[in-house]
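Down below is the structure, laid out as structure tokens.
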Amino acid sequence: MSETFFVTTALPYANGPFHIGHIMEYIQADIWVRFQRMQGKRVHFVGADDAHGAPVMLKAQAEHTTPEALVARIAADRPRYLEGFHIGFDHWHCTHSSENTRLSHDIYRHLRTAGLIDSRSVEQFYDPVQGMFLADRYIKGECPKCHAKDQYGDACEVCGSVYAPTELIAPYSALSGAKPVLRSSDHFFFRLSDPRCAAFLRQWLEQPGHVQPQVANKAREWLEGRDGRALSDWDISRDAPYFGIPIPDAPGKFFYVWLDAPIGYLASLQSYIDSGKARANGEMRTFEQLLAAPDTRQVHFIGKDIIYFHTLFWPAMLHFAGPPYRVPDNVHVHGFITVSGEKMSKSRGTGISPLRYLELGLNPEWLRYYLAAKLNATVEDLDFNAQDFVARVNSDLIGKYVNIASRAAPFVTRHFDGSIDYPAGTGELLDVAREVLEQVRESYAAREFARAMRQIMTFADRLNQDFDARRPWILAKDPTQRAALQDSCARALYGFKVLTCLLAPVLPALAERVARELLGLQRPLAWADALEPPRRIHPYRHLMTRIDPKQLDALFEPAGEIPVPTKTAPQTPSVEPAGSSGAPRTALTATQGAPAPPTLSIEEFKRIDLRVARIAAAEHVAGADKLLKLTLDLGGETRTVFAGIKSAYDPAALAGRLTVLVANLAPRKMKFGLSEGMVLAASGETGGPYLLAPDSGAIPGMRIG
RNA sequence: GGAAAGGUAGCUCAGCCGGUUAGAGCACGGCACUCAUAAUGCCGGGGUCGAGGGUUCGAGUCCCUCCCUUUCCA
């Protein structure tokens, strides 16, 4: 029963701030961790920055700083996010650390002793100007199949074909523009092709519970390979210059970042223990003792993009490194978060900035609840939808949950001076509580948070119904009904305490306030508190406010006008390393500093693609004061446009009308979805808007100009 | 090209091993209530469960084919 959980989330790459995807993962893990702790389990929850690799090195170079300084700067920013969203890591470390170096060396040596490390010569493109070998993503050239220019070294984005960098026509270095030369170098390989590896992994994947079934399927697919090709050996070394951990006995060679990144989980645990923090949390064992203990559970939360590393390389590394290392007990995989159905993309300015969310003063627990209400144990993607978010939080948390305390507590304070009795006894109430508690416990444990939230809200519904049926506000007027009044309020407030316990993993700050301010407890709530009906409350103070949809508008306002790179636009050969999300992309725009000319040349005007469009459908947008959602027919194409014409037009009267669309306006992410263009309308002092319309005879799709 | 996941009311989603008239929340319409930083309660409209075949006494649920979406791999 004394299981100890060692829980990690995927290590974020240290070249940029957290995005909403990171935050979602941390919230998922944090909820699970808090739940386990409320059950009385001991949990060590650690994270770290993933510091190594070429992108960090190159980014530092571009900023005329050192990789260490860059990583430190990024790390300094992490607590704002973590504290802001109540994500309770016990420790946060870095893969560029003495612990990680020691552990990486140790694991590597064990693998070498086990005969699982090979060395062989590899021929690879080398940039003579930068003086370094080039990863595929840093090589560009002409696609050998479709002859599209400026394609990356591994695949063509235009025709989709895959090739080796050496097949590119006229290759050049994306870093320096220089012509790369082929050069050979000795590389080290982890021999995954060894039958021992395949046998071990097959068996590990077979055992239920290690990974979700879908994930096991995926991993098996890689493991068994196709056309008789099984897993191939894994290149784990890189040549200097490289920001990484030097390989023992191999001067000038460094571990590939993906070798030491997961070891960073262990490094963070080690640092957590050595720092004395673990001791403060009641963990007296050493790093080795903790890992080796049979009742330790090593649990990783990751996104589906890194399944490969966590279900093949990582377990194999740990297994063949031997004790005290333990093979992961669980790898929990989640999907991506999309925003209004669109894949989030920093470069397109979509997605939600977690920092902006906090800066706007939006309540972090709103987001925690909303994500919990949509998260389950599958690998499916999750959509953040602004309207859904507002409805869900306002209705569930304020309308249902908080409302129970808000409506029942004043009676108790006013009529009973804050003391609660149970004239009808607590037996039945406890039975109900036990049942709900057990249901929700199972859901949380299985990471079926959405189900847990549904169960919790069903219970809240029952409490509101019960309260309604008993009509305490009527009872309060009749002095002979004191017992009935007391009973109806006691039931509601006990129910509220149960709800608060159930929601505490998701809403830790709110639960803490309820415990302290309302229930007068000087400690956080535990699961078992849900079976202690409260006997006294302090006067109720409002616990949570509703979301004003206007607050969300600001969240979705783009921070600045970010150009939308279209697929066909020629890529400027830039020195910006791919993946360095922090690099300024806005510098790529065509218009440079010159002031706008007073007149427009015909060429400039021609850049505006005006088209005749037929309004196929028009509808109101729930929650929007000014917008109508228009579905436009452009001949063979359909566009969705949000137009600010609600004040002047009835949607029903618009259907079928022709109008004018700016067809090549950069799509703009709005709170309600993506607006793919702009319809033209006139407006002025005297009124408007007046929608423009072509003369009769025009056909949808016709070019105007 | 191969694979995985998904396609259920306007929106977000539940529907386990096939079984009476397909569910919830939100939105919408109506009613009630007034304790609640305006919320709750009741009633209601609304779905050819992606399409087409098949198995079965009976399929949203199993099988086959196809279409669409997302993702991964080569």
Side-chain angles (χ1 to χ4, degrees), chain A residues 154-155 160-164 212-227 229 231-232 303-308 311 333-338 340-343 370-371 373-376 378-415 443 446 448 450-458 460-477 485 488-489 492-493 496 540-546 548 617 619-623 629 672-673:
Chain A
D154 48 357
S161 56
V162 181
Y163 40 75
Q212 294 115 300
Q214 308 98 302
V215 176
N217 279 341
K218 193 80 217 165
R220 255 186 233 113
E221 197 182 300
W222 288 317
L223 187 58
E224 305 306 336
R226 291 184 302 119
D227 314 322
R229 282 183 307 147
L231 225 46
S232 52
K304 63 182 180 181
D305 51 330
I306 51 178
I307 290 175
Y308 202 88
T311 59
V333 182
H334 61 78
F336 298 145
I337 182 166
T338 59
S340 303
E342 303 271 326
K343 190 179 173 184
Y370 180 67
L371 291 178
K374 304 198 83 164
L375 275 168
N376 58 33
T378 71
V379 193
E380 288 161 35
D381 291 351
L382 173 161
D383 189 47
F384 182 101
N385 178 290
Q387 289 160 264
D388 191 36
F389 176 71
V390 173
R392 204 66 199 246
V393 168
N394 285 349
S395 160
D396 287 1
L397 289 186
I398 290 87
K400 292 179 178 177
Y401 163 66
V402 164
N403 189 234
I404 293 166
S406 158
R407 65 195 305 204
F411 286 113
V412 172
T413 302
R414 212 174 300 140
H415 296 273
S443 298
E448 290 286 355
R451 194 170 70 203
M453 296 308 109
R454 250 181 279 126
Q455 290 162 334
I456 291 169
M457 286 308 144
T458 301
D461 284 344
R462 283 164 64 187
L463 292 170
N464 274 313
Q465 286 160 17
D466 183 74
F467 198 75
D468 255 42
R470 290 167 190 274
R471 300 164 168 264
W473 54 94
I474 307 279
L475 302 175
K477 292 172 183 154
L485 174 64
S488 60
C489 294
L493 288 168
F496 182 74
Y540 173 80
R541 289 200 286 159
H542 200 57
L543 291 167
M544 188 178 261
T545 55
R546 302 166 63 76
D548 179 353
E619 54 191 300
H620 285 297
V621 181
K629 179 180 178 181
F672 312 100

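Chain letters run A, B, ... following the sequence lines, proteins first, then strands; residues in each count from 1.
Taking atom P in both B:U37 and B:G19, one finds a spacing of 46 Å when rounded to whole Å. When the C1' atom is compared between B:U21 and B:C49, the two are found 15 Å apart, to the nearest whole Å. Between the C1' atoms of B:A74 and B:G6, the separation comes to 23 Å (whole Å).
Summarising the base pairing, B:A51 is matched to B:U65 through a Watson-Crick or G-U wobble pair whose two defining distances lie under 3.5 Å. Base pairing analysis places B:U56 opposite nothing; no Watson-Crick or G-U wobble pair with both distances below 3.5 Å involves it. Of all nucleotides present, only B:C73 satisfies the Watson-Crick or G-U wobble test against B:G1, with each distance under 3.5 Å. Applying the Watson-Crick and G-U wobble criteria (two distances, each under 3.5 Å), B:A32 pairs with B:U40. Base-pair partner of B:C13: B:G23 (Watson-Crick or G-U wobble, both distances under 3.5 Å).
Of the listed nucleotides (B:U40, B:U71, B:U12), B:U71 has the atom at the smallest distance from the side chain of A:F336. Considering only side-chain atoms of A:S395, the nucleotide from B:A38, B:A5, B:G25 that sits closest is B:G25. Side-chain proximity of A:D396 to B:G25, B:A14, B:U71: nearest is B:G25. When each of B:G41, B:U12, B:C35 is scored by its nearest atom to the side-chain atoms of A:D461, the top-ranked nucleotide is B:G41. Picking from B:U37, B:U34, B:U71 the nucleotide with the shortest atom distance to the side chain of A:H542 gives B:U37.
Atom-to-atom, CZ of A:F467 to P of B:C42 comes out at 15 Å; the value is rounded to the nearest Å. In this structure, the CZ atom of A:R392 is 14 Å from the P atom of B:A24, given to the nearest Å. Residue A:R407 contributes atom CZ, which lies 15 Å from atom P of B:C33 at whole-angstrom precision. Across the protein-nucleic acid pair, A:M457 atom CE and B:G25 atom P stand 13 Å apart, rounded to whole Å. Distance, A:E448 CD to B:G15 P: 8 Å, rounded to whole Å. Between the NZ atom of A:K304 and the P atom of B:A4 there is a distance of 15 Å, rounded to whole Å. A:K400 has its NZ atom 18 Å from the P atom of B:A38, to the nearest Å. Separating the CG atom of A:N385 from the C1' atom of B:U12 is a distance of 7 Å, rounded to the nearest angstrom.
The neighbour count for A:R470 CZ, taken as heavy atoms of other residues, nucleotides or ligands under 6.0 Å away, is above 12.
Base contact: A:N403 has a heavy atom under 4.0 Å from a base atom. Within 4.0 Å of A:Y308, counting heavy atoms only, lies no atom of the nucleic acid at all. Residue A:R471 is out of contact with every strand shown, counting any heavy-atom pair closer than 4.0 Å. Nucleic acid contact for A:R451: none, since no nucleic acid atom lies under 4.0 Å from a heavy atom of the residue. Backbone-only contact: A:N376 has heavy atoms under 4.0 Å from sugar-phosphate atoms and none from a base.
Residue A:Q465 has a polar side-chain atom (N or O) positioned under 4.0 Å from OP1 or OP2 of B:C42.
Panel note: side chain A:T413, backbone A:A409; a donor-acceptor pair is recorded below 3.5 Å. In this structure a side-chain-to-backbone donor-acceptor pair under 3.5 Å is missing from A:K304 to A:F336. Proximity of a side-chain donor or acceptor of A:S395 to a complementary backbone N or O of A:R392 within less than 3.5 Å is not detected.
Using cut-offs of 30° and 60° on the angle between ring planes, the pair A:Y370 and A:F384 is perpendicular. Note: A:F496 and A:Y401 have parallel aromatic rings, judged against thresholds of 30 and 60 degrees for the angle between ring planes.
In terms of position along RNA chain B, the nucleotide closest to A:K374 lies nearer the 5' end than the nucleotide closest to the other residue of the pair A:K374 and A:N464. Heavy-atom nearest nucleotides on RNA chain B were determined for A:D381 and for A:M544, and the one closer to the 5' end corresponds to A:M544.
Closest approach of A:L493 and A:A405 over heavy atoms only: CD2-CA, 4.2 Å.
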